[in-house]
Amino acid sequence: MFESIEPAPVDAILGLTEAYKADANPEKINLGVGIYQNAEGKTPVQGSVVEATKRVVAAETTKSYLPIPGAPEYSAAVQKLQFGGDHEIVTSGRAFTAHTPGGTGALRVTGDFLKQNLPTSSLWMTDPTWANHPAIFKAAGVATKTLPYFDSATNGLAFDKFLAALGEVPAGDAVLLHGCCHNPSGIDPTLEQWKEIASVIRSRGILPVLDFAYQGFGVGIEEDAAGLREFCTAGDELIVCGSFSKNFGLYRERVGAVSFVSIDADRSKIVASQVKRTIRTNYSNPPAHGAALVTTILGDAELTAQWKAEVADMRDRINGMRQLLVAKLAEHGAPGDYSFIQEQKGMFSFSGLSKEQVGKLKEDHSIYIVGSGRINVAGISETNVDKLCSAIALVVK
Ligand SMILES: Cc1ncc(COP(=O)(O)O)c(C=O)c1O
């Protein structure tokens with residue numbers, strides 16, 4: 001039966017990690033996959049998570065199933081973090097939040113929901129976007145289209161083009177936006193621009209879907225939610241796909257959440273019934289452990305403070321590496337102005353390196369970067385920055 005099956009293409013980002021692991025060069029550098037690394041190149045378990053794990057394990061009395069949308073305490077904690085504790089969306093009960101296996105699970109539940117309940121809607125995404133976005137929605141059977149986002153001439157946001165194209169999206173379609181720390185470009189709209197985007201979306205009757213995978217990695221935990229909250233005024237409907245893989249370092253525990261915000265609490269109950277059906281026929285109910293850690297941390301003032309400090313440390317290290325990268329590129333004589341890297345937000349930077357230059361960095365210098373030129377800034381350290389910048393200077397020259 002399996003003889004006629006062709007091999008699937010290697011995943012562009014995870015395939016790079018495989019190639020990196022197989023490389024025998026002791027000075028190899030991996031700037032591919034989106035995982036935070038500390039100055040020693042490690043991705044340790046955060047202190048708040050270590051403490052929460054002890055408490056969760058000590059208090060656990062059963063491994064019985066969770067409800068289809070996960071534990072209600074987790075959903076409440078997610079809503080508080082994303083929308084703000086006293087936000088009308090939270091107090092009115094018009095948001096339904098389900099715990100999903102990671103942000104990817106949240107996106108897939110969204111895709112299945114759109115296909116099943118709004119079958120004629122297309123989903124528009126930014127060009128570029130996270131490589132898995134089009135693949136997830138294609139797998140769910142949702143038609144996808146693109147909106148211009150990146151301006152290669154300025155290494156910035158092509159805002160006017162983006163807004164004009166948004167103004168042409170048909171009513172009833174959905175638009176997938178990155179709530180903060182746009183992956184792969186690192187370029188986020190300003191608050192003023194978010195306001196304009198939200199206004200066009202509202203006036204055209206488009207459904208916004210916010211992918212919110214990096215809360216706290218841009219400017220701050222509250223500040224990073226400001227764009228998303230522009231879509232949250234009374235009467236707005238939206239979907240938020242969140243992930244705690246990065247900001248809690250819970251990658252392998254698969255902790256994410258999808259929130260469907262309806263016009264009122266009655267409509268929310270109907271939407272919830274459809275979301276639960278979607279989940280039941282996919283993975284039935286979520287894994288418990290990672291979400292219990294998040295709930296424990298966000299439910300304890302001391303642990304929350306510790307976690308916020310840990311997120312700030314990660315953010316500060318990334319921003320420090322951005323500055324160091326720009327300075328070292330100049331020091332090593334790389335032609336061009338790279339100061340735009342300092343303006344970008346989150347873990348990634350669109351370096352402006354071409355596919356050929358990325359290929360040469362891999363072949364000649366054992367430096368692994370995604371083909372689009374996206375660099376994981378968290379993979380840079382004081383130890384490897386000189387090797388990296390001298391190699392970039394060589395291939396760019
Ligand atoms: C933009 C974006 N969305 C969602 C995710 C999904 O993260 P996870 O499924 O690991 O929680 C990622 C992970 O890299 C991402 O970059």
Side-chain angles (χ1 to χ4, degrees), residues 11-17 30-37 43 46 49 70 74 78 81-82 97-112 123-140 144 146 149-150 175-189 208-218 224-225 227-228 239-259 279 282-283 286-287 289-291 293-294 311 314 318 344-350 370 372 374-379:
D11 182 276
I13 298 175
L14 297 182
L16 204 64
T17 304
N30 186 4
L31 304 180
V33 70
I35 296 176
Y36 175 79
Q37 293 166 41
T43 309
Q46 291 170 210
V49 170
Y74 173 75
V78 171
L81 192 66
Q82 295 180 340
T97 298
H99 164 200
T100 54
T104 306
L107 290 159
R108 182 57 196 257
V109 169
T110 300
D112 288 342
L123 180 80
W124 296 72
M125 33 186 94
T126 61
D127 177 20
T129 194
W130 180 41
N132 211 13
H133 276 154
I136 291 168
F137 287 94
K138 189 171 171 227
T144 58
T146 56
Y149 189 81
F150 179 67
V175 171
L176 177 63
L177 300 164
H178 298 226
C180 68
C181 307
H182 185 272
N183 177 5
S185 74
I187 297 159
D188 289 343
V209 179
L210 276 298
D211 184 348
F212 200 36
Y214 295 92
Q215 187 176 6
F217 272 54
D224 289 355
L228 180 152
I239 301 174
V240 182
C241 298
S243 165
F244 296 131
S245 299
K246 323 280 168 162
N247 50 10
F248 281 82
L250 287 169
Y251 306 88
R252 65 172 62 171
E253 299 292 357
R254 312 309 299 137
V255 206
V258 65
S259 294
I279 292 173
N282 185 342
Y283 54 87
H289 184 67
L293 300 177
V294 170
V311 175
M314 292 192 279
I318 293 170
Q344 298 167 339
K345 300 278 185 305
M347 203 140 71
F348 303 111
S349 174
F350 236 20
V370 182
S372 61
R374 185 196 83 168
I375 283 179
N376 176 8
V377 182

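This structure is a prediction, so every number in the text was calculated from the model and none was measured. Ligands are counted one by one from 1 in listed order, and the atoms in each one are counted from 1 as well.
- Considering backbone and side-chain N/O of Asn183, one or more are found under 3.5 Å from N/O of ligand 1.
- Of all atoms in ligand 1, listed by their number and element, those nearer than 4.0 Å to a heavy atom of Gly102 are 9 (O), 11 (O).
- Under a 4.0 angstrom heavy-atom cut-off, Arg254 registers as being in contact with ligand 1.
- The heavy atom nearest to atom 13 (C) of ligand 1, considering only Lys246, His182, Met347, is found in Lys246.
- Closest heavy-atom contact between Cys181 and Gly346: SG-CA, 3.5 Å.
- Considering CG of Leu210 and CG of Leu176, their distance stands at 8.5 Å, rounded to 0.5 Å.
- Looking only at protein heavy atoms, the nearest one to atom 2 (C) of ligand 1 is Asp211 OD2, 3.5 Å.
- For the pair Gly103 and ligand 1, the shortest N or O to N or O distance falls below 3.5 Å.
- For atom 8 (P) of ligand 1, the nearest non-hydrogen atom from the set Gly242, Ser245, Gly105 comes from Ser245.
- The aromatic rings of His182 and Tyr149 sit parallel to each other, their planes meeting at less than 30°, with 60° as the upper class boundary.
- Considering CG of Leu177 and CZ of Phe212, their distance stands at 12.5 Å, rounded to 0.5 Å.
- Listed for the Asn30 side chain is no donor-acceptor partner under 3.5 Å among the backbone atoms of Gly379.
- The aromatic rings of His133 and Trp130 stand perpendicular to each other, their planes meeting at an angle above 60°, with 30° marking the opposite boundary.
- Residue contact annotation: Tyr214 has a non-hydrogen atom under 4.0 Å from ligand 1.
- Taking every non-hydrogen atom of Ser243 and a distance limit under 4.0 Å, the qualifying atoms of ligand 1 come out as 7 (O), 8 (P), 11 (O).
- Taking every non-hydrogen atom of Ala213 and a distance limit under 4.0 Å, the qualifying atoms of ligand 1 come out as 2 (C), 3 (N), 4 (C).
- Looking only at heavy atoms of the protein, atom 9 (O) of ligand 1 is closest to Thr104 OG1, 2.5 Å.
- The CZ atom of Arg108 sits 8.5 Å away from the CD1 atom of Ile136 when rounded to the nearest 0.5 Å.
- Between Thr100 atom OG1 and Leu107 atom CG the span is 8.0 Å, to the nearest 0.5 Å.
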